[in-house]
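Structure record follows, encoded as structure tokens.
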Amino acid sequence: MQDDLKISFNSPAIDWNIAIPIGNGRLGAMVYGTIKREIVQLNEESIWSGGPLERINKDAKKYLSKIRELILNGQIKKAEEISLFALTGTPPSQGHYEPLGFLYIDSNIDEDSVKNYRRELDLKNAIVKVEYKVGNEKFTREYFASYPDDVIVIKLTSSKANNLTFKINLRREKDKYVDRSGHIGDDTIYIEKSNGGKNGLSFCGMVKAVVEDGKVYSIGETLIVVNATTVFLLISSMSTYREIDYFEKTLKTLKNAARKGYNNLLLDHIEDYNKLFNRVSFQLGNKDDNANKIDIDISERLQRLKDGEIDLGLIALYFQFGRYLLISSSRKGSLPSNLQGIWNKDMMPSWDSKYTININTEMNYWPAEICDLSECHLPLFDLIEKMRKRGSKTAKEMYGCRGFCAHHNTDIWGDTAPQDVYMPATYWPMGAAWLCLNIWDYYEYTGDIEFLKSHYNTMKDAALFLLDYMIEDKNGHLVTCPSLSPENKYVLQDGNVCCLTYAPTMDIQIIKALFERIIKTAKILNEDFDFIKELEKAMSKLPHIQIGKYGQIQEWIEDYEEAEPGHRHISHLFGLYPESQITKEKDPVLFEAAKKTLERRLSFGSGHTGWSRAWIICLYARLNDGEKAYQNILELLKNSTLHNLLDNHPPFQIDGNFGAIAGIAEMLLQSHDDILEILPALPLEWEDGCISGLKARGGHKVSIEWENRVLKVLTIEPGFTNKVYIRYKNKTTDVNFDGIEKVKLDSNLKIIKQ
Ligand code: FUC
């Protein structure tokens with residue numbers, strides 16, 4: 001592993017946007033590293049306002065045919081008006097994610113006498129360290145979030161014996177939103193919010209202090225440590241989302257962790273984290289140069305980038321930080337990473353910090369497989385199963401359809417009814433179909449046939465909904481109706497600006513992607529042959545992707561003028577990435593049109609949000625344009641990245657981090673269409689580099705070393721498919737892996753050694 005995997009800060013965080021995230025999938029914390037009052041902002045995955053809601057509009061089915069008729073006849077405004085009344089959820093909104101609160105550690109340290117301050121995130125071991133000196137005395141703090149022991153751990157040490165004295169509190173915003181707090185014995189304090197049996201969650205947060213020497217006691221809701229040399233704090237939280245006995249369970253978790261002791265907690269944490277993180281290493285540019293920059297404050301590195309300095313090490317660091325974030329916010333058994341991963345500071349967060357499934361949640365999981373973090377992908381499938389149950393009711397009651405559907409948002413209870421009263425987004429019924437594509441993707445990288453088998457019916461249910469939902473248009477095409485192209489609007493000849501439509505391009509592409517995946521799965525499982533035929537027939541009746549008057553991929557079924565030609569969503573390029581329906585080999589004309597589409601969007605200012613910029617990186621990688629992909633990475637770092645490297649929508653939204661690193665991986669390796677393409681979009685500036693451990697479809701582990709922009713060594717450790725086709729520039733070859741453990745090839749794709 002590299003030793004330049006640190007994000008350094010030479011001052012405490014002045015606000016949340018420069019605090020450092022840690023997490024174990026379920027518990028998250030933002031470490032400020034402040035001195036006199038240390039602030040650690042806390043999250044637990046399931047602390048949401050309210051509870052599961054039944055929001056299906058009972059009049060949807062009654063008005064559905066009218067809405068369809070109006071849309072097909074071009075009376076869009078009328079259709080939109082009725083949809084507002086008849087399709088909007090009752091009530092229109094799901095609940096929102098909330099923070100657990102703040103941990104405050106107050107001491108009497110004189111901040112003016114502090115010197116040699118340093119705060120860092122060590123990505124190699126997922127540990128935050130804070131160090132500073134007062135006179136000759138050195139104070140050190142270490143923070144990590146342990147997945148194996150389900151606690152956040154903070155260790156405080158002073159170099160002078162018995163010189164740590166501080167008090168600790170747990171608070172929620174403005175000291176409100178808590179209905180019980182206090183201490184349990186001498187060494188533990190808690191806050192609790194119980195819901196009195198109403199529809200909603202109860203939860204608690206707890207801190208336990210373990211001292212080696214000195215004294216710990218509690219008064220009221222304050223924990224007091226005096227004259228200690230080393231103390232470690234254990235923090236946990238739980239809600240009724242998982243445990244009726246959340247309070248007892250939390251207490252037990254803390255006791256177990258205390259018994260285990262700091263060193264064992266740390267060792268197990270590092271071992272667990274390293275198992276995932278160490279799979280991929282990435283070196284870009286000059287090794288010594290990168291190592292020299294590692295102690296520079298990250299804000300300064302970002303500023304230098306803005307000033308035009310090249311910092312390839314920062315790109316590699318950003319990439320690994322993204323992998324760190326996925327490991328920290330999405331672990332087996334946890335909820336999936338939401339709009340803010342797991343790190344939300346607001347009681348009323350932007351877009352509720354939920355799961356927006358018309359791009360954002362999907363983007364969170366784009367890097368999961370290629371960056372060899374399949375295990376982190378699993379929480380998404382648990383949520384899809386929850387949605388399946390709720391979504392079959394939505395499909396039936398709103399639309400009279402079989403199967404299951406979801407609209408553009410979901411929550412931790414798998415809500416599937418339309419969310420918001422927002423014409424450009426709310427009435428889009430494709431959320432479940434898009435999410436179900438990940439089932440196949442997981443299989444394609446892991447070869448886990450049992451997983452595929454057990455999730456086949458979920459994909460099938462998403463398809464059954466679509467088979468029933470689609471109607472024939474005047475040309476005999478099968479079309480989704482009503483629907484929209486997230487979240488853009490179009491202008492009709494009469495000047496009306498509209499959203500609702502039938503068969504927007506993205507829908508056609510999603511349906512094709514889903515049906516093709518199901519057909520492949522059914523063939524592998526050797527079942528459902530009649531259903532395969534049904535899907536094939538339906539696919540043959542889907543409208544074709546069309547090219548519009550600007551040479552662009554048409555976003556809608558008609559070549560409408562876009563209301564916002566620089567819109568952040570680039571939904572109609574879904575077929576280019578994440579899908580691979582538009583490739584140079586399959587259709588050079590559509591490929592060119594995709595290029596024009598992107599250029600046009602950008603020329604009108606697209607990419608202004610972090611995730612939009614991240615998608616653009618992925619799209620340019622698929623267009624084999626390394627230069628433009630790199631320029632967009634720079635734009636993202638310069639204009640849409642906070643000083644703790646978290647993505648800035650604004651505000652912070654984690655999808656941009658994840659989308660961007662998926663794009664970086666796609667610049668170096670692509671594996672759609674049964675061929676491994678090596679360095680498909682390598683920018684001029686990335687002269688030398690080495691990435692090891694990327695995953696390709698088929699489960700192959702790929703390492704690539706290049707020098708002077710030429711492939712030096714390609715190493716492949718075979719996965720579950722026997723044969724791979726490889727392409728590098730204009731050379732192709734195939735390798736049969738029968739009985740081979742590892743193969744190395746040179747720039748001519750000749751085998752160097754096996
Ligand atoms: C979609 C996007 C917004 C934002 C929100 C969470 O509505 O259009 O930009 O990311 O989701």
Side-chain angles (χ1 to χ4, degrees), residues 48 88-89 92-98 325 329 335-346 348-366 380 383 406-412 415-431 434-435 483-490 497 499-500 504 506 510 555 562-574 578 601-602 604-619 635-636 639-642 646-660 662:
W48 276 57
T88 303
S93 279
Q94 299 158 6
H96 60 268
Y97 184 44
E98 288 180 358
L325 290 176
S329 64
L335 284 161
S337 189
N338 67 36
L339 281 175
Q340 297 184 311
I342 192 170
W343 301 280
N344 155 46
K345 71 177 186 331
D346 298 315
M348 284 301 299
S350 300
W351 293 287
D352 302 329
S353 194
K354 6 182 235 294
Y355 300 98
T356 306
I357 54 174
N358 65 7
I359 177 70
N360 316 86
T361 304
E362 288 88 348
M363 185 177 279
N364 282 1
Y365 289 91
W366 285 354
L380 185 66
L383 186 64
H407 296 82
H408 91 299
N409 265 264
T410 190
D411 63 11
I412 58 172
D415 186 294
T416 53
Q419 157 73 28
D420 296 330
V421 192
Y422 183 52
M423 199 52 73
T426 301
Y427 313 98
W428 181 74
M430 302 297 292
W434 187 350
L435 283 174
S483 193
L484 48 87
S485 185
E487 300 185 10
N488 208 355
K489 304 177 193 143
Y490 59 88
V497 177
C499 302
L500 291 195
M506 185 188 230
I510 291 177
E555 186 164 355
E562 307 106 319
E564 232 188 277
H567 201 274
R568 63 194 178 285
H569 285 257
I570 317 172
S571 308
H572 42 325
L573 291 193
F574 169 89
R601 270 290 207 262
L602 275 164
F604 284 96
S606 188
H608 48 278
T609 69
W611 67 258
S612 177
R613 185 68 70 190
W615 197 352
I616 292 165
I617 297 166
C618 298
L619 292 168
E635 285 303 313
L636 183 82
N639 301 319
S640 300
T641 299
L642 296 166
L646 287 177
D647 178 72
N648 194 13
H649 180 288
F652 159 55
Q653 206 169 280
I654 207 159
D655 39 20
N657 285 97
F658 292 139

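Remember, predicted model here, so these are calculated numbers, not experimental data. Values reported hereafter were calculated over all heavy atoms of this structure, with side chains retained and with hydrogens, waters and symmetry mates removed. Order of listing sets the numbers, starting from 1, for every ligand and every atom in it.
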Contacts of Thr88 meeting side-chain hydrogen bond (donor to acceptor under 3.5 Å, both in side chains) (sequence neighbours excluded), chain-then-number -> Tyr427
Are Trp434 and Phe574 close enough that their ring centres sit under 6.0 Å apart? yes
Could you go through ligand 1 and list every pair where one of its N or O atoms sits under 3.5 Å from a protein N or O, giving the atom names and the distance to one decimal?
unit_1	atom_1	unit_2	atom_2	d
ligand 1	7 (O)	Glu487	OE1	3.1
ligand 1	7 (O)	Glu487	OE2	2.4
ligand 1	8 (O)	Glu487	OE1	3.3
ligand 1	8 (O)	Glu487	OE2	3.2
ligand 1	8 (O)	Arg568	NE	3.0
ligand 1	8 (O)	Arg568	NH2	2.9
ligand 1	8 (O)	His569	NE2	2.6
ligand 1	9 (O)	Arg568	NE	2.8
ligand 1	9 (O)	Trp611	NE1	3.2
ligand 1	9 (O)	His649	NE2	2.6
ligand 1	10 (O)	Asn360	ND2	3.0
ligand 1	10 (O)	Trp611	NE1	3.0
ligand 1	10 (O)	His649	NE2	3.3
ligand 1	10 (O)	Gln653	NE2	2.9
ligand 1	11 (O)	Asn360	OD1	3.3

Residues passing the side-chain hydrogen bond (donor to acceptor under 3.5 Å, both in side chains) test with Asp346, sequence neighbours excluded, are none
Hey, what's the ring geometry for Trp611 with His569, parallel, tilted or perpendicular (30° and 60° as the breaks)? perpendicular
Checklist entry - Looking only at side chains, do Glu487 and Asn358 share a donor and an acceptor under 3.5 Å apart? => result yes
Salt bridge (charged side-chain N to carboxylate O under 4.0 Å, His left out) filter on Asp411, not counting sequence neighbours, yields none
